[in-house]
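What follows is one structure encoded as structure tokens, with my remarks underneath.
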Amino acid sequence: MKIERLTLREIRMRLKAPFETSFGVTQVRRILLAEVMCDGISGWGEITALESPSYNPETTDTAWHVVSDFISPSILGRDLSHAADVPLLLAGIRGHNMAKAGFENALWDVEAQMKVLPLWQLLGGTRQEIVCGVSLGIRETPHLLVGRVAAELSAGYQRIKLKIKPAKDIDFVAAVRREFPGIFLSVDANSAYTLEDVAHLKKLDSFDLLMIEQPLAWDDIFSHSLLQSQLRTALCLDECINHSRDGATAIKLKACRIINIKLGRVGGHSEARQVHDVCASNNVPVWCGGMLESGIGRAHNVAMSTLPGFSLPGDVSASSRYWDEDIVEPEIQVSPKGSISAPAAPGIGYSVKRDLIERLTVRSKTWTHSA
Ligand code: OSB
Ligand code: MG
């Protein structure tokens, strides 16, 4: 696969509704798309950095810089046998995993198309159908939240995750649990608590939650091990896991019993598969997290979620929950029983709407290799 051309573009997409987490509210996404051209075949990836460094240190603009000045010169003109060779080429760039993942994943799309295989099969996926959950932003009142949960359950979703933060936690979880005693329910704090809050967090033990996601600092695996030993409920790490070594550390320290894998956060399909493998060999279930992606990022999430260890419902849900019109067709659709079928077409398996992408583009850059 000779990398002949790279394109980086920023598109703006407006979420149907604002999404509130413990770190802020998002309504307009500034999404970077990565396109690579090899031997006349084009592949697509998404850079999942948010607009501000509030989830992890990357942003739309840091990714633009790192791709322009470091990633593009490292890969342009290279002739690779496999997309899995990309991490070695980028090993000299520390961090910036989301920026790297966009281009590595675009190459996985190319490689799968060249082999006339759906990407999920190239990755070694075994699940033809993946199980889906939803992540619900913080609401004004418990009553409003219960209404949202009811709507998602009737759409078929198999697990409900509630975003929480101090003063928007116990009452909200209690109200949802009271109304829906039997559902798979979890919470995600995005690092809104500290070890001083142990007594408070213990109250969550009474709601039979599937997990509590990332309650403590984004870069602190050790403190999560101190918390896990005092809670009955399983902890799940998201922000803390940036590569497979972090996964191994977290498991060894008993800092969590479940891991959320995000393609961008760990740097692409190769590393995601390694996190998956470390978890699988330790019997730690994993699931696929989301970053309010467009259909391109979503399609990559679907492919990854077919790996055998993804036994828990992910935050991979229908395009129509986020966007009036998505940039792929068909859009990502969820069945009435809350699952997504792995696509049969080669590559990411969804076709990219170039005209719409062109209309949504606010800036773009192309690098061409002159042989
Ligand atoms: O922590 O999983 C998270 C969105 C933005 C940043 C972080 C997170 C999230 C979500 C939304 O929970 C998941 C999605 O539906 O894409
Ligand atoms: Mg999370």
Side-chain angles (χ1 to χ4, degrees), residues 13 15-31 46-60 97-98 130-139 145 148-149 152 155 157-165 168 185-193 209-219 224 234-242 246 250 256 258-266 275 286-302 304-305 312-323 326 331-332 334 338 340:
M13 290 179 80
L15 289 164
K16 278 184 169 179
F19 188 80
E20 181 172 352
T21 63
S22 64
F23 57 73
V25 182
T26 307
Q27 171 102 61
V28 176
R29 293 283 289 110
R30 294 176 55 204
I31 293 172
E46 177 163 341
I47 294 175
T48 59
L50 297 183
E51 298 68 34
S52 68
S54 39
Y55 163 79
N56 72 354
E58 295 187 79
T59 71
T60 308
N97 288 349
M98 291 170 161
I130 66 161
V131 282
C132 308
V134 290
S135 173
L136 295 182
I138 294 168
R139 301 294 144 136
L145 182 61
R148 278 315 312 161
V149 172
E152 303 294 359
Y157 287 103
Q158 303 190 31
R159 184 227 60 201
I160 303 290
K161 160 173 140 183
L162 311 175
K163 290 291 193 181
I164 58 167
K165 65 177 183 182
K168 292 269 196 173
L185 184 64
S186 67
V187 295
D188 184 0
N190 290 108
S191 301
Y193 301 89
L209 300 176
L210 200 53
M211 71 194 89
I212 302 172
E213 186 177 341
Q214 195 72 38
L216 307 179
W218 67 281
D219 58 351
H224 283 92
L235 292 183
C236 167
L237 291 178
D238 172 350
E239 282 89 329
C240 276
I241 308 299
N242 293 295
D246 286 335
C256 62
I258 297 173
I259 286 179
N260 162 336
I261 300 181
K262 289 184 182 168
L263 274 170
R265 196 192 65 229
V266 303
V275 179
V286 299
W287 54 279
C288 176
M291 291 295 294
L292 310 172
E293 288 96 340
S294 78
I296 290 175
R298 219 161 273 285
H300 280 282
N301 288 343
V302 170
M304 177 177 72
S305 302
L312 293 169
D315 284 344
V316 187
S317 53
S319 300
S320 62
R321 292 188 63 249
Y322 304 82
W323 318 114
D326 204 347
E331 297 202 341
I332 287 51
V334 171
I340 296 175

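What you are looking at is a predicted structure, and each value in this text was computed from that prediction instead of being measured. Note that ligands are numbered from 1 as they come in the structure, with each ligand's atoms numbered from 1 the same way. The basis for the numbers below is simple: all heavy atoms, side chains too, and nothing from hydrogens, waters or symmetry mates.
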Item to check | N, O or S of Glu213 under 2.8 Å from the Mg ion (ligand 2) | outcome: yes
Checklist entry - Does a salt bridge link Glu152 with Arg321, judged by any charged N lying under 4.0 Å from a carboxylate O? => result yes
Checklist entry - What are the atoms of ligand 1, with element, lying closer than 4.0 Å to any heavy atom of Tyr55? => result 7 (C)
Checklist entry - Asp238: which N/O/S atom is nearest the Mg ion (ligand 2)? => result OD2
Checklist entry - Does a donor on one side chain and an acceptor on the other come within less than 3.5 Å for Glu239 and Asn56? => result no
Checklist outcome for this item: If we number the atoms of ligand 1 from 1 as shown, the ones under 4.0 Å from a heavy atom of Met291 are 6 (C), 7 (C), 16 (O)
Checklist entry - Is there a heavy atom in Lys161 that sits closer than 4.0 Å to ligand 1? => result yes
Checklist entry - Taking atom types as modelled and ignoring hydrogens, do the side chains of Ser294 and Glu46 form a donor-acceptor contact shorter than 3.5 angstrom? => result yes
Item to check | For Tyr322, atoms of ligand 1 separated by under 4.0 Å from a heavy atom | outcome: 14 (C), 15 (O), 16 (O)
Next on the checklist: Using only atom types and a distance under 3.5 Å, with no angle test, would you say the side chain of Lys163 pairs donor to acceptor with the backbone of Ser22?
Outcome noted: no
Next on the checklist: Just to confirm my output: which protein heavy-atom neighbour is closest to atom 13 (C) of ligand 1, and how far is it?
Outcome noted: Gly290 O, 3.5 Å
Next on the checklist: When you compare the side chain of Val134 with that of Ile160, does any pair of heavy atoms fall below 4.5 Å?
Outcome noted: yes
Item to check | pair Asn260-Ile241: side-chain heavy atoms closer than 4.5 Å | outcome: no
Next on the checklist: Please state which option from Thr26, Leu162, Leu292, Thr48 has its nearest heavy atom closest to atom 5 (C) of ligand 1.
Outcome noted: Leu292
Next on the checklist: Using heavy atoms and a 4.0 Å limit, tell me yes or no: is Lys163 in contact with ligand 1?
Outcome noted: yes
Checklist entry - Taking only heavy atoms of Ser135, which atoms of ligand 1 are found under 4.0 Å from at least one of them? => result 10 (C), 11 (C), 12 (O), 13 (C)
Next on the checklist: Let me confirm one number: the CD1-CE distance from Ile31 to Met13, rounded to the nearest 0.5 Å.
Outcome noted: 5.5 Å
Next on the checklist: Taking distance alone, with N or O pairs closer than 3.5 Å, would you say Thr21 contacts ligand 1?
Outcome noted: no
Item to check | Atom nearest to the Mg ion (ligand 2) - Asp188, N, O or S atoms considered | outcome: OD2
Item to check | Atom pair CG (Asp188) and CD1 (Ile164), whose distance is rounded to the nearest 0.5 Å | outcome: 8.0 Å
Item to check | Distance under 6.0 Å and angle within 45° of ring axis: Arg29 vs Tyr322 | outcome: no
Next on the checklist: I need the atoms of ligand 1 closer than 4.0 Å to a non-hydrogen atom of Asn190, numbered in the order shown.
Outcome noted: 1 (O), 3 (C)
Checklist entry - Should you measure from each heavy atom of Asp238, which atoms of ligand 1 turn up under 4.0 Å away? => result 1 (O), 2 (O), 3 (C)
Checklist entry - Considering only heavy atoms of Lys262, which atoms of ligand 1 have at least one such atom less than 4.0 Å away? => result 1 (O), 2 (O), 3 (C), 7 (C), 8 (C)
Item to check | Student check: side-chain heavy atoms of Arg265 and Asp238 closer than 4.5 Å | outcome: yes
